[in-house]
Protein chains: 2
Amino acid sequence: MTDILIVEDEKELADLLCDFLRAENYTVSVAQTGEKALSLYEKYGARLIVLDIMLPGMDGFAVCRKIREESNTPILIVSAKTEKEDKLNGLVLGADDYIEKPYDIDIMLAKISGIFKRRYAVDEIIDGDICINKVSRTVYKNDIPIEMTPKEIDLLLLLIENKGKTLTKEFLFNQIWGSDSFSEQQTLTVHIKWLRQKIENDAKKPLRIQTVWGVGYKYEGI
Amino acid sequence: MTDILIVEDEKELADLLCDFLRAENYTVSVAQTGEKALSLYEKYGARLIVLDIMLPGMDGFAVCRKIREESNTPILIVSAKTEKEDKLNGLVLGADDYIEKPYDIDIMLAKISGIFKRRYAVDEIIDGDICINKVSRTVYKNDIPIEMTPKEIDLLLLLIENKGKTLTKEFLFNQIWGSDSFSEQQTLTVHIKWLRQKIENDAKKPLRIQTVWGVGYKYEGI
DNA sequence: ATTTCCATGTTATACTTATGTCACAACAAT
DNA sequence: ATTGTTGTGACATAAGTATAACATGGAAAT
């Protein structure tokens, strides 16, 4: 499935947006007419549709209605018209958000990332033999539940949700303990140690939670 | 290094922006004149400069030019003038974006976060057979990971992100060690040496990190 | 009330790695 | 050749991290 389907007849504008989105690791496809959009959607689906209202032939409203007949795929309406009726019309039709042309590219990106977050946030994270359920806050290793203290889960989630990223000790500390906390430094390393004992196969040679010397820690996926 | 250096003579405006940015966890410093800005930049560096054009004394364009002489740090121009020439001037000078006064704070924040994403969330910098992953802070040569110390990575990044530009020893030193550091001179050359041993094909004839005699070093792309 | 238990912090110490310094060699520029 | 600058290797030290053992304080159990 494609992440984002852009429906826009101005090719340059579509391409520009496309570039920015791909730079943020979305997969993107572009349709220049409503008809094309529907057929692409039929064929490949999409997680989000960025839909210009003003289209040659079949207009954006019609596309929106058609898509809503069969799914709840989020739709972000783009329109050059500033009239209120459009805004209303779009949202009533089931669009999830609205942006006016000409738009600032950063605002557009922020809106899109917001929609993805709200709509596609996951509550189960799996990495190798580890599985974390964010809702129940339970951790399984090889399907066997592991007792975790709140702080441990917080720390693990923070690391695993930034898999591959090096997080500074300061950042980790502020996120878990709050920047106004008194305790420091060693507290973090001690908790890292406990976490390793629970999730690493060999706590002596941690593969998952790796030390980045002088900086912090990072979680490496398996 | 500071995240954002605001150059703005209207103190209230600067403070306001400053507060918003700090709330988003950027570190911020403010300069009210061009001269102050340059000296702050020399001393502490910055990841982004938000630069008002209309300044008492040395104007924004001059500041922009000066900074461009020694680095590629992104610059966001702020201007009350709406004339096109400004826009051009600013962008030609190498500014990365442009915003008009009075600006909407949300747009400003979106632009800034956009610049940070595009510029610093670039995971990978590739140059020939060298690949640096900034988020995980790992360096690969021919896909083989190379062990790097924090200072080495900092130094390499600073050089490679200003590819082709000669960075003075003083600038390099201030950026990596901080201008208040005691140690000096030889420390830098020693670190350069270590870096060369790790990334040059022939450490005796360094191609990437070139010595600019009497001035400093520059990274030459392959 | 008292005890027990457990998550969490703290501290001291061993250990590992990075960093800075120095003396001297090599080098470019004049 | 002389001078100032840069490169090098050996070494000392500083800084960061891991670990174990212990302290604390609140919640649950008795």
Side-chain angles (χ1 to χ4, degrees), chain A residues 137-139 146-159 166-200 202-218, chain B residues 137-139 145-159 166-200 202-219:
Chain A
R137 289 176 64 88
T138 45
V139 180
I146 301 180
E147 294 288 325
M148 289 265 187
T149 69
K151 283 267 190 298
E152 280 163 9
I153 292 187
D154 289 345
L155 193 51
L156 178 56
L157 277 174
L158 191 54
L159 286 163
T166 296
L167 306 177
T168 64
K169 284 170 292 176
E170 195 195 1
F171 177 81
L172 287 166
F173 194 83
N174 287 346
Q175 293 293 309
I176 307 278
W177 282 270
S179 54
D180 49 345
S181 175
F182 286 112
S183 44
E184 220 166 328
Q185 291 292 11
Q186 283 308 80
T187 305
L188 176 62
T189 72
V190 172
H191 280 265
I192 290 281
K193 185 194 142 208
W194 290 335
L195 199 47
R196 279 174 172 160
Q197 287 177 340
K198 293 190 180 175
I199 66 162
E200 297 284 358
D202 179 0
K204 291 280 172 191
K205 285 172 199 143
L207 297 175
R208 294 188 141 102
I209 300 176
Q210 295 187 2
T211 304
V212 181
W213 224 89
V215 183
Y217 299 89
K218 71 175 165 181
Chain B
R137 290 180 65 90
T138 44
V139 180
I146 301 181
E147 294 287 325
M148 288 263 186
T149 70
K151 284 265 190 302
E152 280 162 10
I153 293 187
D154 289 345
L155 193 52
L156 178 56
L157 278 174
L158 190 55
L159 286 164
T166 298
L167 306 176
T168 65
K169 283 171 292 177
E170 196 195 359
F171 180 78
L172 286 166
F173 193 84
N174 286 348
Q175 295 292 304
I176 307 278
W177 281 269
S179 56
D180 48 346
S181 173
F182 286 111
S183 43
E184 219 166 328
Q185 290 294 8
Q186 281 309 79
T187 305
L188 177 62
T189 73
V190 171
H191 280 266
I192 290 281
K193 182 197 139 205
W194 289 334
L195 199 48
R196 280 175 171 159
Q197 288 178 341
K198 293 187 180 177
I199 65 162
E200 297 284 358
D202 179 0
K204 292 281 170 189
K205 286 171 202 147
L207 298 174
R208 295 189 140 101
I209 301 175
Q210 298 187 1
T211 304
V212 182
W213 224 86
V215 184
Y217 299 90
K218 73 173 167 182
Y219 189 97

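Numbers restart at 1 for each chain; the letters A, B, ... are given by sequence-line order, proteins then strands.
- Every residue two or more places apart in sequence or in another chain that forms a side-chain contact (heavy atoms from CB on, under 4.5 Å) with B/Trp194 is listed here: B/Glu152, B/Val190, B/His191, B/Gln197.
- Atom CG of A/Asp154 and atom P of C/dA7 are 14 Å apart (whole Å).
- Every residue two or more places apart in sequence or in another chain was checked for a ring-ring contact (aromatic ring centres under 6.0 Å, His included) with B/Tyr217, and none qualifies.
- Side-chain N/O atoms of B/His191 include none lying less than 4.0 angstrom from OP1 or OP2 on C/dT19.
- Rounded to whole Å, atom C1' of D/dG7 lies 14 Å from atom CD of B/Glu200.
- Salt-bridge check for B/Asp154 with B/Arg137: passed, with a basic side-chain N closer than 4.0 Å to an acidic carboxylate O.
- Rounded to whole angstrom, the span from the CD atom of A/Gln210 across to the P atom of C/dT16 amounts to 19 Å.
- Distance CD (A/Glu152) to C1' (C/dC6): 11 Å, rounded to an integer number of Å.
- Rounding to the nearest 0.5 Å places CD1 of B/Ile146 at 10.5 Å from OG1 of B/Thr138.
- Listed pair B/Trp177 / C/dG20 meets the phosphate criterion, a side-chain N or O lying under 4.0 Å from OP1 or OP2.
- With A/Glu200 contributing its side chain and A/Ile209 its backbone, the two residues share a donor-acceptor pair below 3.5 Å.
- Contacts of B/Asn174 classified as side chain to side chain donor-acceptor pair (under 3.5 Å), with partners at least two apart in sequence or in another chain: none.
- B/Leu155 has its CG atom 15 Å from the C1' atom of C/dG20, to the nearest Å.
- For A/Lys218 (side chain) and A/Leu159 (main-chain N/O), no donor-acceptor pair under 3.5 Å exists by modelled atom type.
- Per the geometry, CG belonging to A/Leu188 stands 14 Å off P belonging to C/dT8, to the nearest Å.
- Of the inter-residue distances, the one linking B/Lys198 atom NZ with B/Lys193 atom NZ reads 11.5 Å to the nearest 0.5 angstrom.
- Comparing the start and finish of the helix from C/dA1-D/dT30 to C/dT30-D/dA1, five pairs each, the helix axis swings through 30°, to the nearest 10 degrees.
- For A/Thr166, the side chain to side chain donor-acceptor pair (under 3.5 Å) test picks out no residue, with sequence neighbours left out.
- For B/Thr149 and C/dT17, the shortest distance from a side-chain N or O to OP1 or OP2 is not below 4.0 Å.
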Practice item. Scan nucleotides 8-19 of chain D nucleotide by nucleotide, 5' to 3', and note B when protein non-hydrogen atoms come under 4.0 Å of the base, S if they reach only the sugar-phosphate, - if neither. Key: BB-----BSSBB
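- A/Lys198 places its NZ atom 11 Å from the C1' atom of C/dC6, with the value rounded to the nearest Å.
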